[in-house]
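Take a look at the structure below.
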Amino acid sequence: MLSTPERSGALSSDRFIVRFEGLKEMGFVRKPLICWVFVSMVVFAAQLSNGFYLPGSYMHTYVNGDKIYAKVNSLTSIETELPFSYYSLPYCKPLGGIKKSAENLGELLMGDQIDNSPYRFQMNVNETIYLCTTTPLNEHEVKLLKQRTRDLYQVNMILDNLPVMRFAVQNGVKIQWTGFPVGYTPPGSNDDYIINHLKFTILVHEYEGSNAEIIGTGEEGLGVISESEKKKASGYEIVGFQVSPCSIKYDPDVMTKLHMYDNTNPITCPSELEKYQVIREQERISFTYEVEFVKSDIRWPSRWDAYLKMEGSRVHWFSIMNSLMVIFFLAGIVFVIFLRTVRRDLTRYEELDKEAQAQMNEELSGWKLVVGDVFREPNCSKLLCVMVGDGVQILGMGGVTIVFAALGFMSPASRGMLLTGMIVLFLILGIAAGYVSVRLWRTIKGTSEGWRSVSWSAACFFPGIAFIILTVLNFILWGSSSTGAIPISLYFELFFLWFCISVPLTMIGGFMGTRAEAIEYPVRTNQIPREIPARKYPSWLLVLGAGTLPFGTLFIELFFILSSIWLGRFYYVFGFLLVVLLLLVIVCAEVSVVLTYMHLCVEDWQWWWKAFFASGSVSLYVFLYSINYLVFDLQSLSGPVSATLYLGYSLLMAVAIMLATGTIGFLMSFYFVHYLFSSVKID
């Protein structure tokens with residue numbers, strides 16, 4: 001399902017081209033055997049990674065006069081978060097008709113709809129082009145244009161896999177955006193003006209193929225490409241795509257005499273409103289554009305750097321480092337105190353003889369008194385097993401995805417690849433969910449009876465919750481005619497992936513769990529449960545408060561992630577996200593273990609669910625922070641539909657975080673309790 005960019009037409013499509021410089025300096029010319037071994041390894045790796053996009057692996061080169069067509073993605077807005085098709089508005093259409101680009105699973109789920117467009121450029125040819133003149137606007141088209149303009153919808157264009165970038169100055173600060181607005185509404189005015197003239201600036205870098213050694217594979221076998229083909233690889237590569245939009249009122253009688261792609265005189269954008277193209281009924285709108293090619297020193301592998309520069313980067317890095325230091329410091333103190341306390345208790349307990357131990361059990365209170373109840377079966381044990389299994393699945397999916405993204409495999413140039421990779425990993429890791437759920441079930445029950453029901457529940461619990469939430473949101477999107485709505489065909493594909501891949505793998509994992517070595521309890525469980533002493537305050541209050549420490553490691557990155565999702569910004573600091581994830585795992589484990597020990601010290605042996613929610617309660621703060629972000633940072637979000645979509649997706653994210661973090665805390669607490677009572681001599 002992962003798509004790769006098209007390769008340059010200068011070289012045959014049945015070849016894999018690898019470029020590397022400096023072979024002579026590296027000694028490969030003097031050592032032909034080493035050279036061919038290296039080449040063979042590269043070719044073999046290329047065959048294995050044929051379906052993936054590696055940043056810097058593919059590029060297009062164009063010669064002067066080559067025709068390049070831009071593509072258009074869905075119209076998007078931070079006001080509504082409802083994407084719509086570009087051709088839902090009365091824009092010019094391509095001569096050959098509208099053709100949709102192949103989309104992967106992630107693009108479809110994100111609401112992307114990439115179509116071809118009539119915008120055509122010729123390499124290194126600066127020109128001003130006429131596109132078309134619309135028919136007189138009717139009432140429906142005027143209403144739609146006005147609504148999209150006032151909702152701040154952006155047109156998203158793509159050239160050579162680069163999104164178009166626009167620069168604006170606000171309060172003396174230069175701000176960059178991707179896309180350009182549908183129209184413009186002056187403050188305090190009832191009139192709306194459409195953007196119908198675009199001035200494109202395309203940055204190109206001259207690429208000399210003769211300065212690189214190119215090795216290819218084809219039907220004729222392995223060999224170095226000839227000098228003539230190397231010259232064909234020379235040309236220009238696109239490293240930047242910028243636009244400056246404006247509105248111009250044309251005389252339709254004059255413009256209709258032109259044909260598409262006719263050259264016109266250079267155009268100067270007006271500054272007076274009277275010369276803007278107003279949106280009203282019976283108006284005929286003419287669309288034009290001009291293009292200027294500018295040579296740049298930016299190299300092709302670095303062309304995405306301009307998009308990945310995040311606002312407030314210094315604050316971002318400083319805040320992350322500050323949070324890491326504070327959390328490491330607090331967690332270290334808690335962990336040291338905790339180790340000293342437990343070690344002292346164990347040392348005192350083991351140094352006593354049997355008579356003294358019996359007397360100590362009568363006199364002392366604490367975790368030693370719940371030795372006969374600490375492994376008693378918890379309430380809703382099946383649900384606990386299912387949630388822990390699904391948490392392992394989600395945690396594995398997130399961890400592997402972030403690692404691959406930090407290594408550069410999840411390039412923003414491959415749209416939808418991140419989401420597609422997460423879905424594929426989630427399906428594969430169903431085997432881990434089944435294994436962990438059933439093995440925990442065997443540990444609690446002491447038998448494998450009922451493992452099929454546990455495996456089936458693990459396969460359907462979180463996917464079922466996600467399906468219910470997404471179905472409700474999808475009905476809302478369908479009602480709004482948004483491209484963000486999941487097509488019926490994709491629903492069937494998701495059902496197929498769920499029941500034909502995820503469920504069988506989960507059942508296989510459950511079967512493996514029945515064959516795994518059973519986890520034996522170090523102590524016996526009494527037949528009569530011990531009474532838990534009354535407490536002054538509810539224990540769940542402490543559990544809910546424990547989520548604040550893990551949230552402290554997460555909330556800064558959460559702000560940037562929410563901004564990338566809902567404000568259309570790029571997020572690509574996965575290295576820091578990986579560090580935050582590792583820190584979150586450590587803190588969740590420590591917090592859960594400390595709270596479990598505190599509950600055992602007050603003779604509360606019902607620690608199972610409390611250990612899970614001690615770290616899982618961070619999801620509550622994540623959801624509350626999402627609401628805070630909606631109220632204070634997404635003030636432009638308008639309408640109940642948009643707010644419902646936002647809260648629905650936030651709820652799904654909070655459930656996933658609860659299962660993942662709760663699983664971390666529970667598994668660490670289970671290991672701690674098992675180790676603690678294994679260290680105590682029990683007669």
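- With sequence neighbours left out, R376 forms a salt bridge (Lys or Arg N to Asp or Glu O under 4.0 Å) with D373.
- When side chains are defined from C-beta on, L647 counts as touching I627, because their heavy atoms get closer than 4.5 Å.
- Listed for the S453 side chain is no donor-acceptor partner under 3.5 Å among the backbone atoms of G450.
- The closest side-chain heavy-atom distance from I488 to W478 is below 4.5 Å.
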Test side chain to side chain contact (heavy atoms under 4.5 Å, CB included) on F613 and M658 and set out the steps.
CA-CA 8 Å; F613 285 111; M658 178 196 70; 3.9 Å; yes
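- Put simply, the side chain of Q393 gets close to the backbone of F426: a donor and an acceptor are under 3.5 Å apart.
- Counting only heavy atoms from C-beta outward, the side chains of I561 and L577 approach each other to under 4.5 Å.
- For E449, the side chain to side chain contact (heavy atoms under 4.5 Å, CB included) criterion is met by T447, not counting sequence neighbours.
- Y671 meets the side-chain hydrogen bond (donor to acceptor under 3.5 Å, both in side chains) test with no other residue; sequence neighbours excluded.
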L554 and Y625: CA distance, side-chain angles, deciding distance, side chain to side chain contact (heavy atoms under 4.5 Å, CB included) verdict: CA-CA 11 Å; L554 188 64; Y625 183 80; over 6 Å; no
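- The shortest distance between side-chain heavy atoms of W607 and Y597 does not fall below 4.5 Å.
- Interatomic distance, L581 CG to I586 CD1, rounded to the nearest 0.5 Å: 10.0 Å.
- Take I469 and apply the side chain to side chain contact (heavy atoms under 4.5 Å, CB included) test, not counting sequence neighbours, and it matches I465, L473, L651, L652.
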message = Show, in sequence, the C-alpha distance, side-chain angles and deciding distance for N628 and L624, and conclude whether the side chain to side chain contact (heavy atoms under 4.5 Å, CB included) test is met.
response = CA-CA 6 Å; N628 173 80; L624 293 177; over 6 Å; no
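- Residues F672 and V593 come closest through the heavy atom pair CG-CG1, 3.8 Å.
- Listed by chain and residue number, nothing satisfies the ring pair (Phe, Tyr, Trp, His ring centres under 6.0 Å) test with F511 (two or more places apart in sequence, or in another chain).
- With values rounded to the nearest 0.5 angstrom, L583 atom CG is found 11.0 Å from E557 atom CD.
- How far CZ of F670 is from CD1 of I519: 5.0 Å, rounded to the nearest 0.5 Å.
- In terms of the side-chain hydrogen bond (donor to acceptor under 3.5 Å, both in side chains) criterion, residue partners of R530 (sequence neighbours excluded) are, by chain and number, E603.
- Distance check, rounded to the nearest 0.5 Å: NZ of K610 to OG of S592 gives 12.5 Å.
- G616 and T661 make their closest contact through CA-OG1, 3.4 Å (heavy atoms, listed as atom of the first residue, atom of the second, distance).
- Of the possible polar contacts, none joining the T506 side chain to the G434 backbone as a donor-acceptor pair under 3.5 Å is found.
- Listed here is the closest heavy atom pair of Y646 and S626: OH-O, 2.5 Å.
- Taking the side-chain hydrogen bond (donor to acceptor under 3.5 Å, both in side chains) definition, one finds that T596 meets it with S669, sequence neighbours left out.
- Residue pairs that meet the salt bridge (charged side-chain N to carboxylate O under 4.0 Å, His left out) test with at least one member in residues 429-441, sequence neighbours left out, do not exist here.
- Between F375 and P522 there is a side-chain heavy-atom pair separated by less than 4.5 Å.
- Residues passing the side chain to side chain contact (heavy atoms under 4.5 Å, CB included) test with L383, sequence neighbours excluded: C380, M387, F461, W609.
- The OG atom of S502 sits 11.0 Å away from the CD1 atom of I431 when rounded to the nearest 0.5 Å.
- Among all heavy-atom pairs drawn from A614 and L595, the shortest one is CB-CD2, 3.9 Å.
- Taking the six-membered ring where the residue is Trp, F551 and Y621 present tilted rings, their angle falling between 30° and 60°.
- Atoms CD1 and OG1, on I394 and T663 in that order, are 7.5 Å from each other to the nearest 0.5 Å.
- Formation of a donor-acceptor pair under 3.5 Å by the S455 side chain with backbone atoms of R452 is not found in this model.
- Looking at heavy atoms from C-beta onward, L477 lies in side-chain contact with L645 at the 4.5 angstrom threshold.
- A donor-acceptor pair is defined here as one N or O able to donate and one able to accept, closer than 3.5 Å; such a pair exists between the side chain of Y521 and the backbone of T443.
- The side chain to side chain contact (heavy atoms under 4.5 Å, CB included) check on F495 picks up F467, Y491, W498, F499, with sequence neighbours excluded.
- Using a 4.5 Å heavy-atom threshold, the side chains of L558 and Y629 count as separate.
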Between S615 and V591, does a side chain to side chain contact (heavy atoms under 4.5 Å, CB included) hold up when you go through it step by step? CA-CA 7 Å; S615 53; V591 165; 5.6 Å; no
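- Pairs engaging residues 377-399 under the salt bridge (charged side-chain N to carboxylate O under 4.0 Å, His left out) rule: E377-K445 [sequence neighbours left out].
- Contacts classified as ring-ring contact (aromatic ring centres under 6.0 Å, His included) and involving residues 384-408 (residues at least two apart or in different chains) are given here: F404-F409.
- When all heavy atoms are compared, the tightest approach of L584 to T553 is CD1-OG1, 3.5 Å.
- Contact of the W441 side chain with the L384 side chain is not registered, since no non-hydrogen atoms from C-beta on lie closer than 4.5 Å.
- Relative orientation of the W566 and Y649 rings is tilted, given thresholds of 30° and 60° on the angle between their planes.
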